[in-house]
Amino acid sequence: MEVNSSQKIPYTATHFWISSYPFFETTLFFSPLFTTEPDIQLRYPVILKIFDADGALVNEATLELSSCEVSVLELDQFSGGCKLESGIKYAHLVVEAPVSLRPLCRMHTREGAAMLGAPLVISGAKSVFFPFSLAKDRQALLTFINIGSQQASVKGRVYFKKRTPEMMWTIPANGARAINIQAQFEDFIDLTDEEQVQGYLRVGTRAEAQVGVQLLERIQGTKDTGIFLAMS
Amino acid sequence: MQSVRWITFCVSNALTRTMVHFYPSSGNVTAPYPTMCKLSLFGQGQEEKTVTLEGARLSQPDGVRIEEVFPALKSELSGLFGLVVEITTPQPRVDLSGSLCAVEFCSRAHSARFWPKRLRDENTSIEGRYSGMAIRDALNVCSLLVVNPMQKAIRPNISLMVPRTDGTTKVEVENVKLGDVPPLSVQEISLSEYLGDDLAATECSFGLLRAASTGITVNVAGDKPLPADAGLFMLYRDVLTKRPLSVCAL
């Protein structure tokens with residue numbers, strides 16, 4: 001039985017940092033909660049909003065998705081209007097979906113894929129941390145999405161060997177940012193001697209802003225491609 | 001809350017080692033009060049062993065290689081093991097509920113990092129019901145990891161909502177037949193084999209993708225099943241090398 005649902009069902013907004021060029025592509029999955037009655041298949045409207053790195057709304061779409069089947073969307077088709085920022089095409093994706101349809105992201109290259117939930121959210125006194133590894137062939141990319149409608153200031157402290165430098169970044173309202181850790185902290189990070197070095201990042205915000213944060217690591221592969229990993 | 005706990009699993013073999021990273025945090029309290037990290041390792045062929053590490057500080061991230069804490073993992077033991085991580089502080093007024101823990105599987109060319117499952121407080125009831133997503137395509141195969149930290153056997157029941165097609169798609173429930181997971185052990189259950197070529201596939205730029213929503217209930221094994229405390233993880237591996245790429249705690 002297939003029914004078009006117009007019932008009032010609880011919705012929730014989930015926020016993701018997504019990218020389509022040049023390092024990786026993003027696929028969005030909707031995983032329905034398990035039900036023992038898959039014969040009763042509803043179709044729920046789901047709203048996607050894509051904001052570019054500076055927070056401008058560049059695309060909006062409404063889709064009808066099944067309550068029983070996993071739905072798959074390649075996001076490249078929705079993020080065409082986003083501009084390049086620091087050589088990367090990325091955006092802030094907002095998904096408004098019923099609570100029974102859990103959105104998940106998978107970022108992938110030709111050589112690997114990482115499944116991701118929604119990013120950790122920092123706000124007020126709540127800070128988060130990320131372990132990272134740096135090497136000649138590894139790059140750590142710290143990604144932010146501003147969930148609020150006000151510009152947010154974010155503070156990041158790196159724990160690397162015996163040094164703990166700190167930096168501030170500004171994330172536009174509804175916007176996104178990608179920070180290359182090695183480039184941002186180049187005065188403190190010297191990799192000439194060691195093959196691979198472990199470090200930590202502590203990230204927080206001073207204001208009552210809400211910012212989603214994730215860490216991606218890109219490992220240079222063969223033939224100009226790369227594999228990468230992300231905290232899931 | 002002067003103590004927080006997570007449950008996870010770790011991998012130890014010739015190619016892959018495990019690191020545990022932790023961040024004792026208490027929101028506005030930034031003074032570097034001392035904290036401790038207690039690690040309990042268990043698995044088949046390995047009695048539960050607990051080691052407490054001192055020297056960690058509030059608001060300062062830190063980490064440790066598991067084989068440095070449990071030297072048997074360097075040589076004698078290999079495979080999958082269960083791990084409970086606990087951060088505590090002797091400071092009476094410090095609330096550690098904002099703390100985080102991360103697990104990393106390190107190999108020479110790649111790593112996989114994930115957030116383990118935070119264990120419930122004593123006051124909250126055991127849920128025993130979980131939901132996840134199984135996929136199979138050119139990039140990933142997946143399996144379910146069940147970590148049993150209890151002194152009793154547990155029985156997971158797994159059901160998949162599989163979309164079958166004969167022109168029109170019909171979703172059916174497929175139940176996976178499983179035995180009990182012994183006390184203090186870890187079991188990996190492959191789910192990709194239930195996503196065969198008879199399932200409806202989505203055509204993507206990277207090839208055909210088959211996926212199914214997965215429901216899992218976990219009970220204490222026995223005549224009168226009760227919801228059990230367990231750690232459940234969806235593990236996504238590389239199709240060719242089978243190395244772990246990402247892990248999602250359910």
Side-chain angles (χ1 to χ4, degrees), chain A residues 25 27 29-39 41 66-74 76 100 102 104 106 108-117 120 124-133 137-138 157 159 164 196 198-202 215 217 219 221 227-232, chain B residues 19 21-23 25-29 59-63 98 100 102 104 106 109-115 129-135 137-140 142 159-163 169-173 200 202 204-206 209-216 234 236 238 243 245-249:
Chain A
E25 293 168 39
T27 305
F29 293 85
F30 289 89
S31 176
L33 289 181
F34 182 79
T35 168
T36 51
E37 295 177 331
D39 287 345
Q41 193 170 155
S66 163
S67 63
C68 297
E69 286 175 68
V70 172
S71 304
V72 187
L73 278 178
E74 289 185 79
D76 198 18
S100 56
R102 185 187 175 208
L104 290 161
R106 188 174 72 168
H108 65 91
T109 63
R110 273 182 294 159
E111 295 184 20
M115 193 67 76
L116 300 169
L120 294 179
K126 187 185 171 193
S127 57
V128 298
F129 92 118
F130 295 96
F132 65 87
S133 300
D137 63 344
R138 279 191 184 223
R157 170 171 284 188
Y159 294 77
T164 57
Q196 189 173 314
Q198 174 79 48
Y200 292 100
L201 259 164
R202 190 178 77 185
L215 187 95
E217 243 176 68
I219 305 163
I227 53 173
F228 73 100
L229 62 121
M231 298 288 289
S232 47
Chain B
M19 272 195 87
H21 308 279
F22 48 90
Y23 173 52
S25 175
S26 180
N28 284 325
V29 181
S59 300
Q60 292 180 9
D62 211 336
L100 290 169
E104 179 172 4
C106 320
H110 194 261
S111 304
R113 298 192 191 112
F114 63 98
W115 305 109
R129 283 175 181 277
Y130 307 85
S131 206
M133 184 181 69
I135 60 170
D137 67 354
L139 297 167
N140 285 136
C142 82
S159 304
L160 293 102
M161 289 199 294
V162 290
T169 303
K170 185 174 186 296
V171 180
E172 294 173 355
V173 173
T202 306
C204 300
S205 62
F206 45 83
L209 182 142
R210 292 178 173 84
S213 173
T214 308
I216 306 123
M234 207 58 94
Y236 300 94
D238 182 81
R243 71 180 172 216
L245 294 179
S246 42
V247 181
C248 295

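All of these numbers come straight from a predicted model, not from anything done at the bench. Naming convention: chains lettered A, B, ... in sequence-line order (proteins, then strands); numbering from 1 in each chain.
- Of all the listed residues (B:Ser59, B:Ala212, B:Ser25, B:Gly98), the one sharing the greatest number of non-hydrogen pairs under 4.5 Å with chain A is B:Ser59.
- At least one side-chain heavy atom of A:Leu120 sits less than 4.5 Å from a side-chain heavy atom of B:Trp115.
- Using a 4.5 Å cut-off between heavy atoms, B:Tyr236 contacts chain A through its side chain alone, with no backbone atom that close.
- For the pair B:Tyr23/A:Val128, no side-chain contact is recorded, criterion being any heavy-atom separation below 4.5 Å from C-beta on.
- Smallest separation of non-hydrogen atoms from B:Met161 and A:Cys68: CE-O, 3.3 Å.
- No hydrogens or angles considered: a donor-acceptor pair under 3.5 Å links the side chains of B:Ser205 and A:Glu74.
- Once rounded to the nearest 0.5 Å, the distance linking CE of B:Met133 with CZ of A:Phe29 reads 5.0 Å.
- Looking at heavy atoms from C-beta onward, A:Arg106 lies in side-chain contact with B:Ile135 at the 4.5 angstrom threshold.
- Applying the side chain to side chain donor-acceptor pair (under 3.5 Å) criterion to B:Ser159, with sequence neighbours excluded, gives B:Asn175.
- No part of A:Ser71 comes within reach of chain B, as not one of its non-hydrogen atoms sits under 4.5 angstrom from that chain.
- In this structure, chain A has a heavy atom under 4.5 Å from the side chain of B:Met19, while its backbone stays farther away.
- Options B:Val162, B:Thr214, B:Ile216, B:Asp62 differ in how many heavy-atom pairs under 4.5 Å they form with chain A, and the most are formed by B:Asp62.
- Considering only heavy atoms from C-beta on, B:Glu104 comes within 4.5 Å of A:Gln198 through its side chain.
- At a threshold of 4.5 Å between non-hydrogen side-chain atoms, the residues B:Ser213 and A:Leu33 do not count as touching.
- The shortest side-chain heavy-atom distance between A:Leu215 and B:Arg113 falls under the 4.5 Å cut-off.
- Atom SG of residue B:Cys204 and atom CD of residue A:Glu25 lie 11.0 Å apart, to the nearest 0.5 angstrom.
- No donor-acceptor pair under 3.5 Å is formed between the side chain of B:Ser246 and the backbone N or O of A:Ala114.
- Between the side chain of A:Tyr159 and the backbone N or O of B:Gln60, no donor-acceptor pair lies under 3.5 Å.
- Scanning all heavy atoms of the two residues, the minimum distance from A:Pro32 to B:Ser131 falls at O-OG, 4.1 Å.
- For A:Arg102, the salt bridge (charged side-chain N to carboxylate O under 4.0 Å, His left out) criterion is met by no residue, not counting sequence neighbours.
- The contact between B:Leu209 and chain A is made entirely by side chain atoms (from C-beta outward), counting heavy-atom distances below 4.5 Å.
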